[in-house]
Protein chains: 2
Amino acid sequence: MLNHMVERSAHLDAVFHALADPTRRAMLGRLAERELTIGELATPFHMSFAGASKHVRVLENAGLVKRTIRGRSHLCRLEAARLAEADAWLKRYERFWTAKLDRLEALLREEDRAQAKSKSKSKSKSVTE
Amino acid sequence: MLNHMVERSAHLDAVFHALADPTRRAMLGRLAERELTIGELATPFHMSFAGASKHVRVLENAGLVKRTIRGRSHLCRLEAARLAEADAWLKRYERFWTAKLDRLEALLREEDRAQAKSKSKSKSKSVTE
DNA sequence: AAAACGTTAAACCGATTGGTTGACAATTAG
DNA sequence: CTAATTGTCAACCAATCGGTTTAACGTTTT
């Protein structure tokens with residue numbers, strides 16, 4: 001049964017808060033490709049070094065990033081477990097949009113039948129943000 | 001030039017921000033069961049009426065809730081499309097946590113094989129979490 | 001030992017957040 | 001008509017946010 005109280009989950013609070021900033025989402029996107037130092041994470045953004053460092057700290061506190069100090073560099077790697085938690089939370093609501101998508105899909109099928117002819121479609125799959 | 005680095009998605013910003021608060025997540029949880037007025041949404045939380053109203057406003061601005069004014073009551077209903085957007089964003093990282101589960105599974109299979117070689121024919125595969 | 005590097009800490013800033021109160025408008029009930 | 005109900009708005013508050021600058025720290029290089 002659903003909880004009538006405020007569903008407290010500090011994890012989810014921190015994860016969703018961390019994801020609510022485009023800079024941090026972009027950082028995660030880059031960490032999805034390879035491990036990066038704080039400096040490497042900072043450079044793409046026109047932002048002070050310390051500013052980027054604070055963003056990384058937020059990601060770290062949310063458990064989305066883990067840090068390994070090697071010499072004077074801090075290597076960051078993506079930690080996806082907490083993303084899985086957020087995903088699990090969203091799953092609870094999946095039926096609401098799939099129902100809608102089903103209806104949309106039916107509608108598009110109808111259109112396709114009427115339109116008869118259409119062409120090409122490309123698909124990019126890079127994680128850029 | 002500024003937007004080259006950080007791909008802006010105001011939608012995601014707003015949705016993740018809205019989800020980063022336990023009161024708002026609880027409100028969505030109740031709206032998943034039935035449509036509710038602002039007052040009904042407010043009562044479970046020991047919070048002023050205006051306070052709850054502001055939370056609903058945040059959910060509304062994120063596109064997660066839609067309001068229908070009927071007389072003096074404001075009926076709120078869940079709008080899941082934006083949740084689907086958040087889910088789609090997370091999906092791009094799915095391989096990271098599924099990959100980990102895959103590796104764990106492979107490891108367990110390996111263990112099983114080693115055990116079978118060394119000794120008996122026990123075939124337990126309980127992965128309880 | 002000194003200089004350069006990678007990063008954090010501290011102090012500060014304006015904007016936003018989550019929350020309150022009190023006044024107000026509109027609808028409904030007695 | 002007058003009450004009460006339902007909700008908003010504006011003002012205010014302390015806390016946090018995203019960002020800066022400057023200083024400091026430990027590590028490597030020279």
Side-chain angles (χ1 to χ4, degrees), chain A residues 5-10 12-28 30-31 34-62 64-77 129, chain B residues 1-3 5-10 12-28 30-31 34-62 64-77:
Chain A
M5 311 289 281
V6 176
E7 177 191 339
R8 275 304 282 130
S9 169
L12 282 180
D13 289 4
V15 168
F16 282 132
H17 168 69
L19 296 183
D21 182 281
T23 298
R24 290 193 289 263
R25 287 200 304 275
M27 283 178 167
L28 289 180
R30 297 190 59 224
L31 286 175
R34 69 191 88 91
E35 295 189 1
L36 294 164
T37 68
I38 307 279
E40 290 169 327
L41 273 174
T43 40
F45 314 106
H46 57 288
M47 177 185 303
S48 76
F49 205 93
S53 174
K54 283 168 87 170
H55 277 302
V56 174
R57 168 79 57 192
V58 171
L59 291 168
E60 213 178 355
N61 288 340
L64 296 173
V65 156
K66 263 195 106 179
R67 179 192 311 239
T68 315
I69 302 181
R70 261 181 57 188
R72 61 189 170 189
S73 306
H74 295 203
L75 254 212
C76 298
R77 73 165 186 280
E129 190 181 343
Chain B
M1 196 71 94
L2 297 178
N3 283 346
M5 304 308 187
V6 178
E7 182 187 327
R8 289 290 288 117
S9 169
L12 282 180
D13 290 4
V15 168
F16 282 132
H17 166 69
L19 296 184
D21 183 281
T23 298
R24 288 192 292 262
R25 287 200 304 277
M27 283 177 166
L28 290 180
R30 297 189 60 223
L31 287 175
R34 69 191 88 92
E35 296 190 359
L36 295 165
T37 68
I38 308 279
E40 290 170 328
L41 275 174
T43 40
F45 317 105
H46 52 84
M47 175 185 306
S48 74
F49 212 95
S53 173
K54 283 168 89 170
H55 277 302
V56 174
R57 167 80 59 189
V58 171
L59 291 168
E60 215 177 354
N61 288 341
L64 296 174
V65 156
K66 263 194 105 180
R67 179 192 311 238
T68 314
I69 302 181
R70 259 183 57 188
R72 62 186 170 187
S73 305
H74 295 203
L75 254 213
C76 299
R77 73 165 186 280

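Letters A, B, ... mirror the listed sequences (proteins, then strands); counts begin at 1. Because the structure is predicted, anything quoted here is derived from the model rather than measured. No hydrogens, no waters, no symmetry mates; every other heavy atom, side chains included, goes into these values.
- Within the 4.0 Å cut-off from OP1 or OP2 of C:dA4, not a single side-chain nitrogen or oxygen of A:R72 is found.
- In the set C:dG6, C:dG19, D:dG18, the nucleotide with an atom closest to the side chain of A:D21 is D:dG18.
- Distances from the side chain of B:H17 to the nucleotides D:dC17, D:dG19, C:dG18 place C:dG18 closest.
- Using Watson-Crick or G-U wobble geometry with both donor-acceptor distances under 3.5 Å, C:dA23 finds its partner in D:dT8.
- Distances shorter than 4.0 Å separate some side-chain N or O of B:R24 from OP1 or OP2 on C:dG18.
- Nearest heavy atoms, B:T37 versus B:S73: CG2-CB, 4.1 Å.
- Distance CD1 (A:I38) to P (D:dG26): 18 Å, rounded to an integer number of Å.
- The nearest whole Å value for the distance from the CG atom in A:L59 to the C1' atom in D:dC17 is 14 Å.
- Between C:dT20 and B:S48, a contact under 4.0 Å exists linking OP1 or OP2 to a side-chain N or O.
- Toward the 5' end of DNA chain D, the nearer of the two residues B:R57 and A:A20, judged by each one's closest nucleotide, is B:R57.
- To the nearest angstrom, P of C:dT7 lies 12 Å from CZ of A:R70.
- Rounded to an integer number of Å, the gap from CZ of B:R25 to C1' of C:dG18 is 15 Å.
- Checking C:dT7, C:dG19, D:dG7 against every side-chain atom of B:H55, the shortest atom distance belongs to C:dG19.
- Distance B:D13 CG to D:dG18 P: 10 Å, rounded to the nearest Å.
- For the pairing with B:C76, the side chain to side chain contact (heavy atoms under 4.5 Å, CB included) check across B:T68, B:L64, B:I38, B:L59 returns one residue only, B:I38.
- A distance of 11.5 Å separates NZ of B:K66 from CD of B:E35, quoted to the nearest 0.5 Å.
- In this structure, A:R24 CZ and B:D13 CG are separated by 9.5 Å, a value rounded to the nearest 0.5 Å.
- Of the candidates C:dT20, C:dT17, C:dT7, C:dT7 carries the atom nearest the A:H74 side chain, counting heavy atoms from C-beta on.
- Atom CG of B:L31 is separated from atom CZ of B:R34 by 9.5 Å, given to the nearest 0.5 angstrom.
- Taking atom CD1 of A:I69 as the reference point, atom C1' of C:dC5 lies 15 Å away to the nearest angstrom.
- Two residues, A:A50 and B:S53, neighbour DNA chain D, and the one matched to the more 5' nucleotide by heavy-atom proximity is B:S53.
- Heavy atoms of A:G51 sit under 4.0 angstrom from at least one base atom.
- One can place CE of A:M47 at 6 Å from P of D:dT20, the figure rounded to the nearest angstrom.
- Put simply, CZ on A:F49 is 17 Å from C1' on D:dG18, counting in whole angstrom units.
- Nearest heavy atoms, A:G51 versus A:M47: C-SD, 3.7 Å.
- Using the Watson-Crick or G-U wobble rule with both distances under 3.5 Å, D:dA3 pairs with nothing in any strand shown.
- Because its glycosidic torsion is more than 90° from 0, C:dA3 is reported here as anti.
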